[in-house]
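As structure tokens, the structure follows; a few thoughts come after it.
Chain identifiers are assigned alphabetically (A, B, ...) following the order of the sequence lines, protein sequences preceding nucleic acid strands; residue numbering begins at 1 within each chain. Computed from a predicted structure; not experimentally measured. Just the heavy atoms: all of them, side chains too, but no hydrogens, waters or symmetry mates, feed the values below.
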Number of protein chains: 4
Amino acid sequence: MRYNRTYGKFVEEYEKESVVQMKNKIIATSIELFEKQGFTETSIQHIVDALDVTKGTFYYYFQSKEQLLMDIHTQYIDDLLYRQQQLIAEHRTAKERLTAMLHLLIEDIEIQGARARVFLREMRHLIDTNSVEVKEKRDEFRLVIEEVIRQGIETGELLDSLDPAITAFAFLSLTNYSYNWFNPHGALTAAQLSDAYKDIFFKGIAKEG
Amino acid sequence: MRYNRTYGKFVEEYEKESVVQMKNKIIATSIELFEKQGFTETSIQHIVDALDVTKGTFYYYFQSKEQLLMDIHTQYIDDLLYRQQQLIAEHRTAKERLTAMLHLLIEDIEIQGARARVFLREMRHLIDTNSVEVKEKRDEFRLVIEEVIRQGIETGELLDSLDPAITAFAFLSLTNYSYNWFNPHGALTAAQLSDAYKDIFFKGIAKEG
Amino acid sequence: MRYNRTYGKFVEEYEKESVVQMKNKIIATSIELFEKQGFTETSIQHIVDALDVTKGTFYYYFQSKEQLLMDIHTQYIDDLLYRQQQLIAEHRTAKERLTAMLHLLIEDIEIQGARARVFLREMRHLIDTNSVEVKEKRDEFRLVIEEVIRQGIETGELLDSLDPAITAFAFLSLTNYSYNWFNPHGALTAAQLSDAYKDIFFKGIAKEG
Amino acid sequence: MRYNRTYGKFVEEYEKESVVQMKNKIIATSIELFEKQGFTETSIQHIVDALDVTKGTFYYYFQSKEQLLMDIHTQYIDDLLYRQQQLIAEHRTAKERLTAMLHLLIEDIEIQGARARVFLREMRHLIDTNSVEVKEKRDEFRLVIEEVIRQGIETGELLDSLDPAITAFAFLSLTNYSYNWFNPHGALTAAQLSDAYKDIFFKGIAKEG
DNA sequence: CATGAATGAGTATTCATTCAT
DNA sequence: TATGAATGAATACTCATTCAT
């Protein structure tokens with residue numbers, strides 16, 4: 001499982017295989033249900049019924065419903081940051097890097113759509129320190145984009161007139177909003193969508209600048 | 001009250017002024033609470049406490065909590081569609097129309113942010129027929145944008161290479177995602193943001209097309 | 001109802017008769033159950049089943065189980081303090097006052113034994129500010145006894161060698177511990193018991209001092 | 001360990017040393033927790049966490065949580081009865097015997113306060129036969145006091161007017177209630193308290209008999 | 001001896017909704 | 001119009017106990 005790459009590294013060392021397996025089973029099922037019905041509307045009972053275990057089992061693996069949500073968020077954002085770093089290392093120009101990130105994020109909706117949707121939608125239900133922690137990581141991801149844009153401006157690849165912060169938000173709007181409407185099982189593929197967005201984002205829509 | 005323009009039209013014909021007033025008071029208070037805490041997390045008790053009335057009063061004006069949410073959605077989207085039509089009538093070129101819509105939507109977050117956020121966030125809690133009805137109106141709004149883009153391509157204002165549907169989604173991504181991060185009380189004004197977005201959307205970010 | 005004397009004064013002015021009645025019914029039933037099974041072992045379900053109402057009803061009248069316990073404690077200790085003041089006013093000498101308090105407390109076990117037992121036993125389950133509040137009132141009651149003893153020493157009624165604080169605790173030990181074993185339905189009456197305790201407390205058990 | 005004197009006698013014959021040790025470790029830890037939080041509020045999980053073992057270990061040594069409580073009670077009351085017998089053997093007059101018992105019980109709160117408090121507070125949680133068994137031993141302890149008083153009356157040491165049963169309860173009230181308020185770490189020592197109580201109990205508080 | 005995953009019945013509390021007044 | 005007492009079903013969470021390993 002791809003999403004387990006980074007998370008797994010740390011976990012497997014001190015948690016038994018079976019514990020990790022059951023934890024991941026609970027997470028996988030929860031993600032499906034959270035996506036369909038929303039976090040609040042999905043009860044622990046729903047989750048354990050779907051898994052054919054009892055509530056006690058759930059609470060053996062997770063301290064609380066909120067902790068489960070936090071685990072989902074942490075897995076997702078940690079993996080995303082890891083892949084962002086890889087991609088930065090693999091590419092040099094701002095255009096290449098932004099294109100790669102566009103592909104990364106939109107293909108994520110194709111590959112692990114439910115997980116992405118839960119991540120983008122349900123953050124509000126994290127409490128106190130947890131929401132701060134996730135927010136910081138999301139900011140980190142965004143600031144990397146901002147920095148790529150800033151460097152692109154400096155190197156002359158991108159327009160001088162751009163505000164890097166606003167432009168980073170524009171970039172994230174395109175990718176993050178797409179989970180609202182993009183259907184990976186429809187006629188339009190993720191590759192086509194990210195290509196189309198790449199053109200719009202880089203060249204704009206008007207005929208002459 | 002601006003949001004009452006279209007809604008009022010139908011209502012005032014068969015409902016007494018005072019009924020409309022109390023209904024709007026409940027709606028206004030609910031929007032504030034829904035924005036702060038979310039729809040599910042806000043109880044009827046919260047709402048009536050904030051208004052210093054009793055539950056019975058609430059249920060005299062609304063059949064259910066969901067019906068209240070539906071009313072909020074209907075008011076919002078009807079008003080938006082009305083203003084979209086006005087703006088289409090006032091402008092001729094695709095660029096002008098798109099620019100006007102960009103301003104409309106982003107300034108909405110400044111002027112009636114809570115209402116916009118509740119609209120964009122809580123649609124999931126509408127039930128079957130209601131969610132279909134709202135979805136149809138949202139589609140209607142989007143298809144107008146699509147049509148403006150299509151005409152812009154035909155008239156040569158916009159690039160031939162564009163897919164009007166995807167481009168309309170890109171447009172809506174910029175506007176609709178901004179409620180997630182744009183703070184109307186911050187240093188950046190809505191006017192500045194919509195200007196920046198206009199540039200990015202029309203001209204792109206790359207130095208040479 | 002005697003225990004409602006002071007409590008009632010304030011309540012009846014702003015709460016409807018029927019609310020007070022249901023509240024008192026819930027309190028009365030809860031006291032019975034708390035006495036028999038203990039606070040923790042008595043569930044809200046037990047209470048509402050005994051009353052043939054639903055859980056919702058319980059929570060309409062009480063914010064929480066702990067709040068119910070607090071109400072029971074407040075009613076009890078407020079009434080006790082009130083009666084202590086009356087009795088102080090009615091008597092002059094230390095002997096008379098202590099005798100009257102002995103009667104008061106032991107007859108309380110006869111008349112409203114369950115209430116007294118719950119009060120003496122379950123204070124531990126009050127939280128934070130509530131337990132402090134009740135503790136302060138219990139201390140107040142005790143300090144009045146201490147003061148009566150102190151004055152008795154000064155006037156020459158009581159032995160100079162006494163430590164008023166320890167003596168007050170000795171007094172309260174006799175009365176408060178009796179709920180553990182004294183059965184009001186047995187052969188020994190409350191009047192006989194308080195008489196016997198009065199003799200022991202004033203004259204001691206040894207043949208010559 | 002003092003509290004193991006009598007208990008140990010029987011146990012060591014058929015249980016391995018290590019079993020007894022682990023059992024006593026569990027008991028010691030449980031007493032601490034029961035005292036701080038109460039029996040019901042302390043979970044097996046709390047206990048085993050504090051000991052850094054697992055639930056399985058607990059259930060290897062005790063059939064149930066209630067059985068653990070019973071063991072605590074049995075150890076305590078058996079030890080108390082044993083020391084009461086010793087003290088009866090060591091002293092002859094009623095005054096000496098009662099004074100010795102007063103010291104015994106109040107110093108117990110100083111030396112093994114938690115154990116005493118758990119014993120006095122949590123008996124209610126013993127089930128049927130167990131609670132009967134403990135009650136019988138507590139009665140036995142009380143009846144020895146009663147008998148000492150009876151003999152004191154006969155020998156002319158104590159007042160003829162006393163009811164031995166009531167007087168024994170008065171005695172136990174002084175000792176047993178003290179765990180509610182007496183703080184062994186405060187300025188007042190157990191020796192001072194038992195001396196003060198001895199005077200009050202023997203000579204009373206009034207200036208002339 | 002000891003583990004720890006799993007159970008199942010329980011707990012306090014919440015809340016949208018109804019309805020007699 | 002409005003009240004507010006009552007419902008009933010749901011919710012997150014706890015915990016003593018069991019048992020295969």
Review point. Does C/T54 make a side-chain N or O approach to OP1 or OP2 of F/dT7 shorter than 4.0 Å?
Key: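 Answer yes for this pair, as a side-chain N or O of C/T54 is under 4.0 Å from OP1 or OP2.
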| said: Strictly below 4.0 Å: does D/Y59 bring a side-chain N or O up to OP1 or OP2 of E/dA2? | reply: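 The answer is no; no side-chain N or O of D/Y59 sits under 4.0 Å from OP1 or OP2.
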Quick one: do the B/Q67 and B/D71 side chains pair a donor with an acceptor below 3.5 Å?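 Side-chain D/A pair, B/Q67 to B/D71: present.
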From F/dA2, E/dT13, F/dC13, pick the nucleotide closest to the side chain of A/K55?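 Among the listed nucleotides, the one closest to the side chain of A/K55 is F/dC13.
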Practice task
Please determine, for the side chain of B/T57, which listed nucleotide (F/dA2, F/dC13, E/dA2) has the closest atom?
Solution key: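 So the side chain of B/T57 is nearest to F/dA2.
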Legend entry - Geometric cation-pi criterion B/K65 and B/F39, 6.0 Å radius, 45° cone: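 Verdict for B/F39: a cation-pi partner in B/K65.
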(request) Using a heavy-atom cut-off of under 4.0 Å over every strand shown, decide if D/Y61 touches base, sugar-phosphate, or nothing. (result)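 Sugar-phosphate contact only - D/Y61 comes under 4.0 Å of backbone atoms but never of a base.
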Within residues 117-132 of chain D: residues closer than 4.0 Å to DNA chain E (heavy atoms) |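 The answer is none.
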Mind checking the CD1-NE2 spacing from C/I77 to C/H73? Nearest 0.5 Å is all I need.
->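 Reported value, rounded in 0.5 Å steps: 9.0 Å.
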For the pair made of [atom1] in [X] and [atom2] in [N], what is the distance, rounded to whole Å?
X	N	atom1	atom2	answer
A/E66	F/dT11	CD	C1'	16 Å
C/Q67	E/dA12	CD	P	16 Å
D/F58	E/dC1	CZ	C1'	16 Å
A/M70	F/dA12	CE	C1'	20 Å
C/K65	E/dG10	NZ	P	15 Å
D/F62	F/dT18	CZ	C1'	18 Å

Taking Watson-Crick and G-U wobble contacts under 3.5 angstrom, with | marking pairs to another strand and [ ] crossing pairs, the secondary structure of DNA chain F is written .||||||||||||||||||||
Problem - Members of residues 37-47 of chain B that approach DNA chain F, where some heavy atom sits under 4.0 Å away - result: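 DNA chain F contact set from residues 37-47 of chain B: none.
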Review point. Thinking salt bridges, do C/E122 and D/R124 make one under a 4.0 Å N-O criterion?
Key: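 Yes, C/E122 and D/R124 are salt-bridged.
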Report task. Map A/D52 and B/Q63 onto DNA chain E by nearest heavy atom, then report which one ends up closer to the 5' terminus. Result ->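 Per heavy-atom nearest nucleotide, the more 5' residue is A/D52.
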Sidechain-backbone polar pair: C/T57 side chain, C/V53 backbone, donor-acceptor under 3.5 Å: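 Not at all, since once roles are kept as given, no pair shorter than 3.5 Å links the two residues.
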